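In the text below, chain A, chain B and the rest are named by the order of the sequence lines, each starting its count at 1. The structure presented is a predicted model; accordingly, all values stated were derived computationally and were not measured.
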Protein chains: 2
Amino acid sequence: MKSARRDSRTRILDAARRTFAARGYTGAGVDHIARLARVNKAMIYYHFASKQTLYRTVLQELFAALADHLRAVLDRPDPPAVRLDRLIAAIAAFVQERPYFPRIMLREIAEGGTRLDQETLRLMSALPQVTAAIIAQGRTDGTFRDVHPLLTYFSVMGPIVMFLGSAPIREQFAQRLLVPGAGVDPDAFIGHLQEFVQRGVAAGAAARAASAAAPPRRRTTV
Amino acid sequence: MKSARRDSRTRILDAARRTFAARGYTGAGVDHIARLARVNKAMIYYHFASKQTLYRTVLQELFAALADHLRAVLDRPDPPAVRLDRLIAAIAAFVQERPYFPRIMLREIAEGGTRLDQETLRLMSALPQVTAAIIAQGRTDGTFRDVHPLLTYFSVMGPIVMFLGSAPIREQFAQRLLVPGAGVDPDAFIGHLQEFVQRGVAAGAAARAASAAAPPRRRTTV
DNA sequence: GTCTATACTTCGATAGAC
DNA sequence: GTCTATCGAAGTATAGAC
């Protein structure tokens with residue numbers, strides 16, 4: 001049985017998550033991770049076959065935990081609008097316990113999935129799938145309008161990951177450019193997004209702001 | 001005067017944009033950029049003082065062009081809802097001519113702005129500023145409800161950058177996991193987002209889907 | 001402006017003692 | 001399980017010929 005104290009493997013994984021989030025895969029040196037974990041560099045290779053294996057372990061644990069967390073939203077017998085609120089709250093809660101998560105996700109998307117193995121890819125797919133299930137339910141019972149499930153997923157996940165992952169750069173703006181934005185309360189953002197998304201998907205006569213002078217909807221290129 | 005043919009400096013910048021987008025700052029080797037640009041590695045150091053200078057040049061040119069592009073939206077005397085549609089269309093048009101842009105932006109946000117100089121930071125701030133100006137106009141004339149300008153900015157920019165930047169990883173999902181999503185038309189997404197955002201900001205009685213059984217709005221943690 | 005050759009550093013990874 | 005020492009590859013950058 002493992003010791004009660006956090007063992008070296010746990011500390012390595014913890015340091016790896018933070019370092020990969022802050023510096024990216026190539027930017028994160030094994031030496032740096034070792035120092036942060038307070039272990040010798042060789043210990044990393046004792047526990048993990050390679051840097052790539054370490055990275056994949058980090059990603060799989062992360063996306064497996066998130067998938068579990070989100071599927072719980074579907075366990076309750078709630079109406080779709082409530083589920084949508086809970087989905088957003090669940091993602092936000094997950095991220096607030098793991099501030100490194102959105103930055104890793106942003107990087108993986110930018111990377112194009114070139115470093116992802118099949119299993120990680122599969123775990124990641126739970127996010128759009130859970131979202132799509134909620135959308136489908138809402139369209140069936142008539143509370144949601146005819147929104148595209150995948151496009152709606154990006155309209156929900158995009159703001160969450162971008163806003164919560166941008167905390168460090170917003171800090172830079174605040175410090176070096178005298179622009180506000182660093183002090184915005186994450187909870188205020190979640191409330192905003194819930195309201196924003198509910199209005200975005202709700203069925204009912206558009207009540208579109210520009211209804212009269214509706215502009216050409218595509219590519220006006222200004 | 002420079003030759004009519006694209007000179008080496010232009011080819012280097014072009015190769016650098018693509019390589020930084022695909023591999024990130026640390027992952028992008030100067031050798032690789034040189035090969036892609038069909039120039040000798042030393043040529044890069046003839047035109048640019050260092051890899052970092054090259055990177056900053058790429059970012060500044062990019063965000064300066066985008067800032068110009070977006071400020072044009074404010075030049076026309078349009079009502080706020082129209083401007084909002086045009087803003088989304090303008091960003092989308094900009095990105096479709098520069099597919100590398102969203103990936104670079106995702107990476108910089110994840111990076112936390114540690115590599116950004118003051119000038120680049122200033123250029124980047126045009127995005128939330130233009131958005132905020134449109135929101136302010138809509139709140140003044142009563143067509144928009146009481147939305148937070150910065151939070152709304154993230155609700156607009158987040159989906160755009162995430163969706164358009166995720167084209168490569170969606171391709172991975174399609175190929176290796178038999179999940180659809182690669183074939184989604186970018187124009188369909190833009191139309192979706194315009195409608196979604198208009199509904200999100202429009203003034204008027206919420207018409208919220210879950211109006212009756214409105215759930216606790218914060219952190220239900222499932 | 002362009003190229004070859006190379007100096008210098010950093011980084012991932014391993015051997016082998018304890 | 002943990003540490004020291006080190007190898008070999010890759011990466012940034014520069015000197016100097018043409």
Side-chain angles (χ1 to χ4, degrees), chain A residues 1-60 104 107-108 110-111 114-117 120, chain B residues 1-60 104 107-108 110-111 114-117 120:
Chain A
M1 172 196 147
K2 292 291 177 63
S3 77
R5 295 206 316 97
R6 288 166 73 251
D7 62 356
S8 62
R9 188 172 188 276
T10 307
R11 289 210 310 280
I12 290 168
L13 280 170
D14 208 54
R17 280 186 280 264
R18 294 180 214 278
T19 309
F20 285 134
R23 307 187 174 197
Y25 179 79
T26 42
V30 177
D31 286 287
H32 186 270
I33 295 172
R35 215 176 313 127
L36 194 64
R38 302 190 317 277
V39 301
N40 189 281
K41 175 165 63 163
M43 273 304 291
I44 291 181
Y45 290 96
Y46 172 78
H47 285 296
F48 302 93
S50 65
K51 181 183 175 182
Q52 193 185 120
T53 304
L54 171 60
Y55 186 66
R56 287 186 171 168
T57 305
V58 164
L59 285 192
Q60 284 190 19
I104 289 181
R107 294 194 124 105
E108 264 325 301
E111 190 65 30
T114 48
R115 270 193 292 266
L116 301 179
D117 54 307
T120 309
Chain B
M1 170 194 146
K2 293 290 177 62
S3 76
R5 295 206 317 95
R6 289 166 72 252
D7 62 357
S8 62
R9 188 173 189 276
T10 306
R11 289 210 310 279
I12 290 168
L13 280 171
D14 208 54
R17 281 186 280 264
R18 293 179 214 276
T19 309
F20 285 134
R23 308 188 172 196
Y25 179 79
T26 42
V30 177
D31 285 288
H32 185 269
I33 295 173
R35 216 175 313 124
L36 193 63
R38 301 192 315 279
V39 301
N40 190 282
K41 175 165 60 164
M43 273 304 290
I44 291 181
Y45 291 96
Y46 171 77
H47 285 296
F48 302 93
S50 66
K51 181 184 175 180
Q52 194 186 123
T53 304
L54 171 60
Y55 187 66
R56 288 186 171 168
T57 305
V58 164
L59 286 191
Q60 284 190 19
I104 289 180
R107 294 194 125 105
E108 265 324 301
E111 189 66 29
T114 49
R115 271 193 292 267
L116 301 179
D117 55 307
T120 308

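Nearest-nucleotide assignment on DNA chain C puts the 5′-proximal partner with A:Val30, out of A:Ala42 and A:Val30.
The side chain of A:Ser8 contributes an N or O atom lying less than 4.0 Å from OP1 or OP2 of D:dT2. Neither OP1 nor OP2 of D:dT14 sits under 4.0 Å from any side-chain N or O of B:Tyr45.
In this structure, A:Ala28 reaches the sugar-phosphate backbone alone: every heavy-atom distance under 4.0 Å involves primed, P, OP1 or OP2 atoms, never a base.
Rounded to an integer number of Å, the gap from CD1 of A:Ile12 to P of D:dC3 is 10 Å. As a whole-Å value, the separation of B:Phe48 CZ from C:dT2 P is 13 Å. In this structure, NZ of B:Lys41 is placed 11 Å from C1' of C:dA7, rounded to the nearest angstrom. Rounded to an integer number of Å, the gap from CG of A:Asn40 to C1' of C:dC11 is 15 Å.
Across C:dT2, D:dG1, D:dT12, the shortest atom-to-atom separation from the side chain of A:Met43 is found for D:dG1. When distances are taken from the side chain of A:His47 to each of C:dT2, D:dA13, D:dG1, the shortest belongs to D:dG1.
For B:Arg18 and B:Asp14, the salt-bridge test passes: some basic side-chain N is under 4.0 Å from an acidic carboxylate O.
Atoms OG1 and CD1, from B:Thr19 and B:Ile12 in turn, are 11.5 Å apart once rounded to the nearest 0.5 Å.
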